Amino acid sequence: MQPSFFCRYGPTSLVDPVFDPVPVYPIEHQTGCAVDGTGDQCRSLSALIGRTRSHILRAVADGISTTTDLAVITGVTHPTASRHLAALSEAALVVSHRHRNTTLHSITDLGTALLNGSHPRLPA
């Protein structure tokens, strides 16, 4: 077992086709938005985009990348998580890519700026 800052909600494993899987577990995080969604910044984000979408966006930022894992973490069904991810993608807050039979999601600079309450980096 290996501690990981990027593993937030529960133990998982990192898989690379070249190396053996590595089991990892989360370490404690200090962020502006508590895991239970109680921080002021989190309440503001939830008011703007909704509780489930803000939870999904934060989970994607924390490294949870598959639709199935995001559904489990947020307590919604796979189709519901997929619809929320489509809305976040349409708003350019996340990007999604197919990898074999899985869709992987990552946060964009705009999504990160929204979570942090900052201005996104503008292209030069």
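Heavy atoms only: backbone and side chains are in, while hydrogens, waters and symmetry mates are out. Here the structure is a predicted model, which means the values were calculated and not measured.
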| V76 side chain near T52 side chain, heavy-atom distance below 4.5 Å | yes
To the nearest 0.5 Å, atom OG1 of T74 lies from atom CG of D69 at 10.5 Å
Distance col, row L70:CG vs H78:NE2, nearest 0.5 angstrom, shows 9.0 Å
Rounded to the nearest 0.5 angstrom, the CD1-CZ distance for I64 and R58 is 13.0 Å
Could you check if a side-chain atom of L114 sits within less than 4.5 angstrom of a side-chain atom of L48, using non-hydrogen atoms only? yes
Next on the checklist: Tell me whether S89 contacts the main-chain N or O of L85 through its side chain, where contact means a donor paired with an acceptor under 3.5 Å.
Outcome noted: no
Rounded to the nearest 0.5 Å, the CD1 atom of I49 sits from the CG atom of L93 at a distance of 6.5 Å
Answer yes if the side chains of H105 and S96 hold a donor-acceptor pair under 3.5 Å, and no otherwise. yes
Between the NE2 atom in H55 and the CG atom in D62, the distance rounded to the nearest 0.5 Å is 8.5 Å
Smallest heavy-atom separation, L115 atom then A61 atom, equals CD1-CB, 3.4 Å
### Query
Do the side chains of L88 and V60 get nearer than 4.5 Å, heavy atoms only?
no
Separation between CZ (R98) and OG1 (T103), nearest 0.5 Å, reads 4.0 Å
Heavy-atom check, side chain of L57 versus side chain of H84, under 4.5 Å:
no
